[in-house]
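Position 1 is the first residue of the sequence; numbering continues from there.
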Amino acid sequence: MDVKAPATIPYFLQEQIRELIVDGSIRPGQPLREQELEQRFGTSRSPIREALRLLELSGLVAHIQRKGFRVTLYTEAQIRHLYQLRAELEAYCIRQAAEAADLAPLLAELRVHDAAIGAALASGDGRAAIASACAFYLAAARSTGNTPLAGMLSKLYEQIEPLRYLLARQALPFSGIQACTGGVIEALAGRDVERAANLTRSYLADVLPSVVEAYRHASLQDAEELAPRYGRA
């Protein structure tokens, strides 16, 4: 069903277009044609363009001179860099969180998120599993009181969500994320900080090849030749 939006709410449009990118309705590298988006949302070009600029700031959209906006198309090297950065940020969050004198409140919160991951995996809800995994590490970041760290991690999660969702759709039953988060909780409870940090790194190193392959498969089709997938039916 098409969604109507007031022409003065680019942030609303930003979220709607973002969902189309994350769930694969618009493929990596595919042009974001303003006229088609206008027709879908029943609005004028100005708020559409502002929404696309907001998405450009988050890294999900790129603007190419004289060609307009497109969904960001990552190289394999860029994907590896993003995931290596994620691994280091998450490991750093765990290390910083472990410096607290009393870890009981954080461990209780992490167990809630870990249980949510398990429930999402059991029901096949990839988006919920992704959201709960993000919340797990953001809880560790926020427990440190380091606002820039939490903000940086949150922005990175937003940028790589399409990559994670592609993997979740293709390999959700085989995901080892809960083995990782459960192990992190166990290691933190025993104050084994290095093991907790290394579990995070190891998990991301293990899934990275699958992320690269899932993204390669999704971007194989030439976006220019695809029929519009986000206009009116």
Side-chain angles (χ1 to χ4, degrees), residues 1-5 7 9-86 126-127 129-131 133-134 152-172 204 207-233:
M1 179 181 294
D2 290 335
V3 181
K4 293 284 186 178
I9 311 182
Y11 289 99
F12 173 85
L13 295 170
Q14 173 197 12
E15 286 304 307
Q16 295 299 313
I17 298 168
R18 179 177 176 274
E19 283 300 306
L20 293 171
I21 295 170
V22 170
D23 71 13
S25 295
I26 310 177
R27 292 181 181 274
Q30 187 168 345
L32 291 158
R33 298 185 177 94
E34 295 175 19
Q35 184 176 4
E36 292 169 357
L37 292 169
E38 288 176 53
Q39 292 173 354
R40 176 181 176 86
F41 296 110
T43 186
S44 63
R45 186 156 301 190
S46 179
I48 290 291
R49 190 165 293 167
E50 180 62 23
L52 293 175
R53 289 195 183 103
L54 291 169
L55 288 164
E56 184 182 15
L57 290 175
S58 71
L60 292 178
V61 165
H63 185 266
I64 302 174
Q65 191 70 22
R66 293 189 293 277
K67 291 186 178 181
F69 292 95
R70 292 173 178 261
V71 178
T72 297
L73 181 63
Y74 295 113
T75 65
E76 180 176 332
Q78 288 171 328
I79 295 173
R80 292 185 181 280
H81 292 160
L82 286 168
Y83 265 70
Q84 288 164 1
L85 176 59
R86 176 188 165 192
R127 292 297 295 277
I130 290 171
C134 290
M152 185 180 300
L153 188 60
S154 181
K155 184 173 182 179
L156 179 62
Y157 283 157
E158 181 179 0
Q159 186 174 358
I160 67 173
E161 187 175 8
L163 304 175
R164 301 178 76 184
Y165 188 55
L166 281 171
L167 180 64
R169 284 192 301 172
Q170 297 187 24
L172 184 62
L204 292 177
V207 302
L208 181 55
S210 296
V211 172
V212 171
E213 177 59 25
Y215 190 78
R216 186 192 67 81
H217 178 76
S219 57
L220 276 178
Q221 296 186 25
D222 186 351
E224 293 285 2
E225 295 178 359
L226 291 174
R229 304 181 64 193
Y230 50 94
R232 292 185 182 276

- Item | Cationic N near anionic O, under 4.0 Å, Arg40 to Glu36 | no
- Query: What pair of heavy atoms forms the shortest contact from Leu73 to Gln78, and how long is it?
  - Reply: O-OE1, 3.9 Å
- Reported OG-to-CG distance for the pair Ser210 and Leu163, which is rounded to 0.5 angstrom: 12.5 Å
- Minimum heavy-atom distance Tyr83-Val211, with the two atoms named: OH-CG2, 3.8 Å
- Where is the tightest heavy-atom contact between Pro47 and Pro10, given as atom of each residue plus distance? O-CB, 3.7 Å
- Note on the structure: For residues 153-163, the side chain to side chain donor-acceptor pair (under 3.5 Å) pairs (sequence neighbours left out) are Arg18-Glu161, Tyr74-Gln159, Glu90-Tyr157, Arg127-Glu161
- Query: side chain to side chain donor-acceptor pair (under 3.5 Å) with Glu15: which residues, sequence neighbours excluded?
  - Reply: none
- Does Glu19 use its side chain to pair, donor to acceptor, with the backbone of Gln16 at less than 3.5 Å? no
- Message: Is it the case that the side chain of Arg70 and the backbone of Gly29 share a donor-acceptor pair, with hydrogens and angles ignored and the cut-off at 3.5 Å?
- Response: yes
- Item | Non-hydrogen atoms of Gly59 and Thr72 that approach each other most closely | O-OG1, 2.8 Å
- Item | Test side-chain contact (heavy atoms from CB on, under 4.5 Å) applied to Ile17 and Phe41, step by step | CA-CA 10 Å; Ile17 298 168; Phe41 296 110; 4.0 Å; yes
Using atom types as modelled, flag every donor-acceptor pair under 3.5 Å from a side chain in residues 48-56 to any protein atom, sequence neighbours excluded.
residue : atom : partner : partner atom : Å
Arg49   : NE   : Glu34   : OE1          : 3.2
Arg49   : NE   : Glu34   : OE2          : 3.3
Arg49   : NH2  : Glu34   : OE1          : 2.7

- Message: Could you check whether any side-chain heavy atom of Phe69 comes within less than 4.5 Å of a side-chain heavy atom of Leu37, counting everything from C-beta outward?
- Response: no
- Query: How close do Ala133 and Arg164 get, heavy atom to heavy atom, and via which atoms?
  - Reply: CB-NH2, 3.6 Å
